[in-house]
Amino acid sequence: MKLITAVIKPYKLDEVKAALQSFGVHGLTVTEANGYGRQRGHTEVYRGAEYTIDLVPKVKLDLLVEDHDVETLLDVVSKAAQTGKIGDGKVWVTPVETVVRVRTGERGAEAL
Amino acid sequence: MKLITAVIKPYKLDEVKAALQSFGVHGLTVTEANGYGRQRGHTEVYRGAEYTIDLVPKVKLDLLVEDHDVETLLDVVSKAAQTGKIGDGKVWVTPVETVVRVRTGERGAEAL
Amino acid sequence: MKLITAVIKPYKLDEVKAALQSFGVHGLTVTEANGYGRQRGHTEVYRGAEYTIDLVPKVKLDLLVEDHDVETLLDVVSKAAQTGKIGDGKVWVTPVETVVRVRTGERGAEAL
Amino acid sequence: MPTLDTGNTAWVLASSALVLLMTPGLAFFYGGMVRAKSVLNMLMMNFICIAVVTVAWVLYGWSVSFGNANNASGNSIWGTLAQWGMHDINTGITGKADLYGSTGVPLFAVACFQLMFAIITPALISGAIADRTKFVGWTVYVCGWVTLIYFPVAHWVFSPNGFINAKLHVMDFAGGTAVHINAGAGALACALVIGRRVGFKRDPMRPHNVPFVMLGAALLWFGWFGFNAGSALTASGQASVVFMNTQVATCTAVIGWLAAEKIQHGKFTTVGAASGAVAGLVAITPACASVSPIGAIFVGLIPGFVCCYAVNMKWRFGFDDSLDVVGVHLVGGILGTLLIGLFAAPAEVAGYTNGARAGLFYGGGIDQLLAQSEGAGIVFGYSFTVSLILAFAVHKTIGLRVSEEDEVTGVDQTEHAETAYDWGGLSGALHRAAANVAAATAPPSVESITDPSTAEKAEVNP
Amino acid sequence: MPTLDTGNTAWVLASSALVLLMTPGLAFFYGGMVRAKSVLNMLMMNFICIAVVTVAWVLYGWSVSFGNANNASGNSIWGTLAQWGMHDINTGITGKADLYGSTGVPLFAVACFQLMFAIITPALISGAIADRTKFVGWTVYVCGWVTLIYFPVAHWVFSPNGFINAKLHVMDFAGGTAVHINAGAGALACALVIGRRVGFKRDPMRPHNVPFVMLGAALLWFGWFGFNAGSALTASGQASVVFMNTQVATCTAVIGWLAAEKIQHGKFTTVGAASGAVAGLVAITPACASVSPIGAIFVGLIPGFVCCYAVNMKWRFGFDDSLDVVGVHLVGGILGTLLIGLFAAPAEVAGYTNGARAGLFYGGGIDQLLAQSEGAGIVFGYSFTVSLILAFAVHKTIGLRVSEEDEVTGVDQTEHAETAYDWGGLSGALHRAAANVAAATAPPSVESITDPSTAEKAEVNP
Amino acid sequence: MPTLDTGNTAWVLASSALVLLMTPGLAFFYGGMVRAKSVLNMLMMNFICIAVVTVAWVLYGWSVSFGNANNASGNSIWGTLAQWGMHDINTGITGKADLYGSTGVPLFAVACFQLMFAIITPALISGAIADRTKFVGWTVYVCGWVTLIYFPVAHWVFSPNGFINAKLHVMDFAGGTAVHINAGAGALACALVIGRRVGFKRDPMRPHNVPFVMLGAALLWFGWFGFNAGSALTASGQASVVFMNTQVATCTAVIGWLAAEKIQHGKFTTVGAASGAVAGLVAITPACASVSPIGAIFVGLIPGFVCCYAVNMKWRFGFDDSLDVVGVHLVGGILGTLLIGLFAAPAEVAGYTNGARAGLFYGGGIDQLLAQSEGAGIVFGYSFTVSLILAFAVHKTIGLRVSEEDEVTGVDQTEHAETAYDWGGLSGALHRAAANVAAATAPPSVESITDPSTAEKAEVNP
Ligand SMILES: Nc1ncnc2c1ncn2[C@@H]1O[C@H](COP(=O)(O)OP(=O)(O)O)[C@@H](O)[C@H]1O
Ligand SMILES: Nc1ncnc2c1ncn2[C@@H]1O[C@H](COP(=O)(O)OP(=O)(O)O)[C@@H](O)[C@H]1O
Ligand SMILES: Nc1ncnc2c1ncn2[C@@H]1O[C@H](COP(=O)(O)OP(=O)(O)O)[C@@H](O)[C@H]1O
């Protein structure tokens with residue numbers, strides 16, 4: 001079992017989800033996030049005080065997958081999230097030892 | 001050292017925390033999240049435009065635990081979070097290589 | 001490739017980022033979080049109903065790094081986030097199997 | 001023979017607008033106190049009162065309440081149906097204008113002013129049944145409530161020939177009985193019929209937007225000057241002292257509530273300050289033209305302090321009066337009505353022509369206190385009984401309460417298909433439904449995988 | 001010879017304040033409906049109207065619209081420039097005050113009142129071009145629009161000698177043509193010139209703050225009493241029935257819209273209730289002094305119901321009238337103007353001295369309906385044509401629209417360098433820019449690694 | 001002998017309500033600018049002013065400020081205590097009403113109107129000490145401040161026999177000196193005594209809710225018409241031109257501020273537009289009855305532009321006037337007061353009976369400018385000195401500032417035990433405290449592990 005984590009541009013969320021569904025993935029956890037990186041932020045002004053905000057809004061996806069799906073889904077996610085512009089984000093994979101479905105207590109593949 | 005991550009229904013947070021405490025776990029990190037899954041979303045209407053929202057609000061817990069506690073706590077969390085209805089969520093375990101307590105610089109078990 | 005995750009006090013975020021930058025780290029993902037722990041919460045009152053809130057606001061950082069940087073950066077982060085007061089937070093390391101830069105599809109070190 | 005007084009008319013029209021604003025003010029006062037998942041339903045429960053009560057008022061409400069107001073020997077229990085649809089009221093554009101009593105104010109202006117009272121009274125009830133009410137059931141309840149309860153009671157109390165006013169010589173200048181005790185009784189009945197919220201006492205239910213609570217309190221306060229000082233129906237010395245008394249009592253009630261809160265919980269809270277203000281406004285409503293500014297200090301301080309304790313009743317007795325309509329409006333209304341019996345001052349009482357007397361502390365003896373109690377008792381008894389029957393009837397037929405699942409999900413979503421706030425973080429996750437009116441011309445399936453940067457293209461031929 | 005009437009003057013001044021408040025009300029009504037990333041731009045588009053229109057009004061607007069209002073034989077197409085800068089108006093502090101017609105109200109008071117109309121009319125347009133407008137371009141457009149369109153049209157419709165009023169004997173009491181059809185036409189033109197938002201029809205664009213939509217609707221409603229009843233320029237029986245009609249039509253429009261929504265989507269929404277209220281206020285604006293309260297029921301109900309369907313046009317025809325200015329103000333304004341031809345009642349029509357007749361259903365025959373259509377057509381035709389040319393001119397020169405990238409990022413950030421909300425979670429992530437005025441005394445580079453606990457120290461010598 | 005004028009009275013009562021609304025307006029204007037963790041404290045600092053100042057006013061404030069206003073030869077430094085508790089004021093319900101001067105307005109109405117001025121003046125100070133003030137200390141400071149400073153200064157400036165008004169023939173129609181310079185001086189003193197916020201200059205402190213800033217500005221603007229035009233105490237030509245001038249100057253100030261901002265930072269911001277409006281309202285306050293609408297253009301434009309630069313002073317000199325009370329109210333108040341000396345026009349000055357002259361640009365020579373400077377100087381000097389002593393005294397005794405730790409945590413939580421907003425995401429994390437009043441009947445320990453779906457059961461016997 002693996003965990004694919006993706007940090008992408010917010011407005012791409014719907015497309016990534018659509019793409020995943022067409023590959024039979026129906027579960028996904030989403031979190032609001034913000035990122036620092038090459039993509040530059042902006043400056044704001046309030047009564048003579050200028051502030052720079054480097055943080056750029058992103059969304060973070062957590063996706064539990066079976067080992068044999070990792071490569072394909074890694075590909076699906078990064079393709080769907082791609083705009084080709086700086087700030088598209090990252091996708092990474094971490095090992096998972098157990099997964100439990102809270103409702104039933106099922107483990108492993110059955111839990112997804 | 002392991003990391004137990006749980007995605008559960010928001011209103012169960014307090015119960016899960018209570019359950020964990022009764023097992024001597026006092027530290028926990030919580031994040032607001034949203035989930036896609038079997039649990040269906042809803043439809044909204046604004047001036048003639050209908051939108052479907054598949055995302056369901058969840059909370060995500062990050063729990064650093066010692067190896068020998070994993071099984072018990074996995075159980076504690078999933079039991080406490082259970083309602084038996086679709087959408088109860090998932091709990092998973094990932095390996096952790098080091099943990100540091102920022103305040104003291106302590107590592108490993110002492111850091112918890 | 002490793003993932004350094006840090007849960008720290010919100011107002012330390014800017015300093016941690018500054019410290020990381022001086023070590024050549026320019027990418028980082030930030031999430032709003034809340035923590036339970038030794039640091040005590042507070043009580044609120046609304047029309048005769050008192051509520052205790054144990055959750056304390058935190059921010060969570062996800063930092064993808066190359067293996068040989070882990071120790072240094074672990075140190076950089078925890079030093080920069082430290083105030084010496086209870087509630088400074090935790091930093092932990094998990095193994096990462098692959099990283100992809102969405103924009104280019106690059107993998108591994110090039111993806112950072 | 002009275003002629004049009006433009007000054008008085010200007011004041012009554014301005015006051016009407018002020019009182020209309022109180023209902024949205026109430027909606028925000030209540031709306032800020034509920035959880036984020038039911039704020040819209042709270043706004044809607046108030047907003048719909050404006051809509052349906054206005055229609056009922058024009059069709060028959062005005063006539064039932066004030067249709068015979070200019071006729072001293074008119075029926076003291078009920079007005080008339082003669083002015084249904086306000087059809088025979090002369091505006092004075094041609095011929096002689098119909099004016100209200102000796103005020104020189106057109107009947108239509110008074111009708112506007114009194115309408116706003118008929119709107120906010122049932123709206124007050126909504127606070128008792130927050131988070132769990134079926135919108136349609138509520139709407140029906142409101143229609144029935146004003147017809148069976150508010151319209152007649154308003155006649156009893158406000159019409160010069162109404163029996164509580166003319167016969168029992170009760171002093172209730174702007175509605176301690178007709179508005180607050182009345183609404184408080186209706187709220188208690190509703191809360192009992194509809195039952196407790198899921199998680200009442202167990203789950204935390206903290207206000208989701210305290211600044212909105214404050215905004216609502218501010219708009220209420222602002223509008224209340226029209227409510228009380230406007231009730232003089234003249235821009236006069238009486239209206240002026242009423243204005244001052246309203247301000248004074250509201251302020252001392254804020255102090256009273258904050259003091260009680262400090263004693264109980266050790267803190268001065270924002271919700272407490274806002275609640276104290278409302279408690280004071282409620283209490284001074286009947287008394288504003290009976291007491292002096294010094295008297296007003298006490299008519300505010302006492303209810304402010306007492307109501308802060310009164311809101312604990314629901315915890316003790318276990319009825320879920322969610323936003324304390326009973327603790328604030330019923331208790332505050334009763335206190336204000338009775339305190340008149342103690343603090344009514346001769347100089348102000350002289351403004352009454354119904355035989356009212358000064359209060360106990362001002363040498364008027366016990367009589368007025370008894371009269372006030374009688375008035376309060378009659379309105380409470382009538383209102384509570386009829387409200388209970390009405391609420392029960394609606395509950396058993398159309399239904400007044402949503403399903404438990406809908407309640408846990410949130411009534412905004414389930415009753416109104418809306419979400420109050422969208423800060424934008426995840427709005428990328430919504431998408432247009434197939435049922436969408438736009439679908440015909442723009443299949444989402446296709447478009448939803450288009451990149452914004454190509455949007456214009458995607459729309460070349462919509 | 002008329003003398004100062006303090007009552008009428010008090011009402012006109014109070015009404016002026018009420019109408020001023022409508023523009024911020026509109027800003028919140030619109031602002032709550034846009035996405036969180038462009039709410040400030042929406043507020044600013046409205047706010048700037050107040051600023052620039054006021055200046056234009058003082059310099060020449062008043063004079064062009066009403067400069068010859070007291071002169072029955074004055075030019076019916078255009079006022080005069082004689083009162084530029086309002087320089088020769090006598091306040092009556094010394095000598096004889098200049099009063100408006102026979103109202104006993106100082107010209108300055110009427111000038112304040114009418115100014116507020118000139119402000120909100122262009123502001124209404126902003127809703128059609130939400131999320132994508134260049135602030136400077138918009139400001140220039142507004143200046144041109146009031147000068148070329150609003151000022152003359154206001155003369156035609158509102159000035160006693162204006163041709164639509166005096167010659168075509170159209171009844172438009174408070175601006176169904178001059179305000180709503182006018183703004184609706186300008187909005188349609190703007191929306192066509194500026195084009196669709198990125199992601200129109202594809203992306204969800206749900207209101208980011210529905211309580212603000214409701215707050216805005218409430219402030220509009222409140223202010224509209226000044227708009228309509230204030231237009232009587234007297235605190236009279238006419239003002240009173242106008243007030244009542246305004247209330248009645250608004251309420252039945254809420255009911256009408258909610259009914260249509262229930263039929264189409266199965267739900268009663270908050271945004272729908274607020275929209276219905278505005279549709280009703282729009283429709284009753286021209287009719288408020290022509291119909292009876294019973295007539296007002298229909299002048300609200302019909303537009304409320306119809307407008308709920310009208311807002312679907314933009315999806316069908318693919319023009320991006322973002323917040324439905326066309327569907328609500330143009331359609332509602334036309335309906336209100338025409339319904340007068342059906343429901344105008346003799347008792348109210350008697351208040352007109354321009355030869356207007358009762359409506360078809362009240363025995364007045366078809367004439368008034370034709371007159372109303374003529375008035376509506378002329379204003380729409382003139383306004384749409386000139387607006388189109390003006391918008392096009394501004395768009396091609398200064399530019400009316402931001403870049404696509406700025407639009408996707410959000411106009412608040414790109415046009416105003418601000419973010420509407422900061423709930424504090426990540427505010428630790430901001431830091432003072434080098435360009436900062438404070439930088440001279442406090443280099444962020446140094447301070448930004450200081451711990452708060454040592455802050456005082458860090459500031460010993462700033 | 002003057003008799004009751006219902007029109008003037010209606011206007012003064014309406015204006016009183018408008019001015020009351022300004023304080024909540026100010027609370028939102030300020031509250032939106034602070035961080036989310038201290039918005040409630042800001043609202044409370046303003047709200048409590050309403051409460052305590054009203055009580056002080058009724059007991060002795062009115063008497064000290066205006067108790068001898070009808071007595072031309074009354075003391076010019078201080079009123080009287082004869083009207084303590086407003087006990088001997090005749091409302092005219094019986095006998096002859098006490099009216100104010102020749103206005104035909106009841107003393108009680110004027111007392112209501114002037115009370116609202118006494119409330120908002122100290123409230124203005126709260127902006128200088130945002131995020132760090134101890135609620136109790138602030139409350140005590142406010143009581144002392146109005147007693148020692150506002151009440152006497154109001155007498156000097158507003159009472160017909162006050163020396164700044166009668167002897168120095170200063171023109172200050174609605175309070176450039178008595179309100180804005182006065183509050184600005186008090187704010188500067190407070191900011192110096194209380195010290196800088198933790199992280200001042202280092203940490204970003206951006207407004208947490210800009211729409212609230214705009215809402216506050218809108219409510220202030222709306223209410224300010226009562227403040228300025230109401231100060232005429234008559235619904236007259238003077239009130240009308242004052243109304244127009246107020247509108248004009250506010251608008252040109254918005255333009256002036258935005259221009260200055262564009263020059264300095266390249267952007268037109270929302271907070272800037274709102275700030276410009278307030279700066280203009282401040283500046284026109286003393287001048288509104290001295291200048292013509294053309295003059296008002298400059299009395300707005302100049303302060304709007306200058307104040308935008310003035311707010312930078314705090315960065316340069318390092319005093320933490322958090323929300324720029326000095327930069328906007330002190331600077332704006334001084335500018336408005338002095339510009340009268342340049343722009344006062346004969347036609348308007350004729351409204352003054354205190355011997356004031358026209359301004360330099362209107363052939364009145366330099367005299368009035370000197371008089372204005374004298375008035376401004378006296379009020380600033382007196383107010384700053386006494387404020388400094390008072391603030392210091394309170395700070396050293398009760399304490400005006402919270403602990404550094406509480407400040408970093410947020411004063412809402414530490415001073416008021418509340419959180420402003422709860423969007424619901426983590427509300428599952430709260431739970432009822434043991435100390436809870438409900439605990440007796442419902443031990444949380446037990447219930448907190450109950451599932452909502454079994455809630456009804458769990459409450460069978462509460
Ligand atoms: N080392 C990193 N660890 C974790 N997240 C990162 C890292 N570097 C970048 N990110 C995330 O990826 C996002 C995009 O990175 P950025 O450098 O801006 O563009 P790109 O990935 O296209 O080069 C950032 O906003 C941040 O959220
Ligand atoms: N493959 C997955 N990866 C990550 N999170 C998931 C996955 N599948 C489901 N989830 C999370 O679990 C939640 C519950 O899943 P769902 O399928 O709705 O119900 P259940 O777990 O009871 O079958 C989802 O809302 C989502 O947050
Ligand atoms: N076992 C744990 N797993 C995950 N996060 C934890 C754990 N223990 C503590 N934390 C996080 O670390 C934060 C600080 O912990 P706390 O015990 O309050 O102080 P300290 O780390 O200084 O002892 C908590 O608010 C929580 O977010």
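Below, each value reflects all heavy atoms present in this structure, side chains not excepted, and no hydrogens, waters or symmetry copies. Convention: sequence-line order gives letters A, B, ...; per-chain numbering from 1. No experiment lies behind these values; they were computed from the predicted model shown.
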Point-to-point distance, once rounded to the nearest 0.5 Å, from CE of E:M44 to OG1 of F:T269: 6.5 Å

Under 4.5 Å from a heavy atom of chain E, the part of F:F268 involved: both

Contacts of residues 21-29 of chain E with chain F (heavy atom under 4.5 Å): E:L21, E:P24, E:F28

Chain E contact via F:V39 - side chain, backbone, both or neither, heavy atoms under 4.5 Å: neither

Side chain to side chain contact (heavy atoms under 4.5 Å, CB included) evaluation trace for E:L59 with F:I297: CA-CA 10 Å; E:L59 295 180; F:I297 289 176; 4.0 Å; yes

Separation of F:M244 CE from E:W57 CH2 (nearest 0.5 Å): 8.0 Å

Rounded distance [0.5 Å steps], CZ in F:F243 versus CZ in E:F113: 10.5 Å

Contact class of F:A296 relative to chain E, heavy atoms under 4.5 angstrom: neither

Top contributor to chain E contacts, counting heavy-atom pairs under 4.5 Å, from F:P211, F:G237, F:G410, F:A218: F:P211

Parallel, tilted or perpendicular: ring planes of F:F222 versus E:F222, cut at 30 and 60 degrees: perpendicular

Non-hydrogen atoms of E:T54 and F:C251 that approach each other most closely: OG1-SG, 3.3 Å

Closest-packed option against chain F by number of heavy-atom pairs under 4.5 Å, given E:A17, E:G92, E:G7: E:A17

Winner by heavy-atom pair count (cut-off under 4.5 Å) against chain F, out of E:A109, E:A420, E:A14: E:A420

Heavy-atom pair count under 4.5 Å with chain F, highest-scoring of E:I50, E:T94, E:V55: E:I50

Proximal component of F:V254, with respect to chain E [non-hydrogen, under 4.5 Å]: side chain

Atom pair CD1 (E:I93) and CD (F:Q238), whose distance is rounded to the nearest 0.5 Å: 4.5 Å

Closest non-hydrogen atom pair between F:A10 and E:A10, with its separation: CB-CB, 4.5 Å

Nearest atoms (heavy-atom pairs only) where F:A235 meets E:L4: O-CD2, 3.9 Å

Closest non-hydrogen atom pair, F:S236 against E:T9: N-CG2, 4.1 Å

F:D5 versus chain E, the contacting section by heavy-atom distance below 4.5 Å: side chain

Shortest non-hydrogen contact between F:W221 and E:L20, atoms and distance: CD1-CD1, 4.0 Å

From F:S240 atom OG to E:D98 atom CG, the distance as rounded to the nearest 0.5 Å: 11.5 Å

Shortest non-hydrogen separation from F:P207 to E:D422 and the atoms involved: O-CB, 4.0 Å

Residue pairs, two or more places apart or on separate chains, that pass side chain to side chain donor-acceptor pair (under 3.5 Å) and touch residues 410-420 of chain E: A:H42-E:Q413, A:E44-E:T419, E:N41-E:H416, E:E418-F:T270, E:T419-F:R206

Region of F:L258 in contact with chain E, defined by heavy-atom distances below 4.5 Å: side chain

Side chain to side chain contact (heavy atoms under 4.5 Å, CB included) evaluation trace for E:W423 with F:H208: CA-CA 6 Å; E:W423 306 124; F:H208 89 284; 3.9 Å; yes

Contacting region of E:V105 [heavy-atom separation from chain F under 4.5 Å]: neither

Engaged part of F:A229 at the chain E interface, taking heavy atoms whose separation is under 4.5 Å: neither

Distance (rounded to the nearest 0.5 Å) between F:F225 CZ and E:L13 CG: 10.0 Å

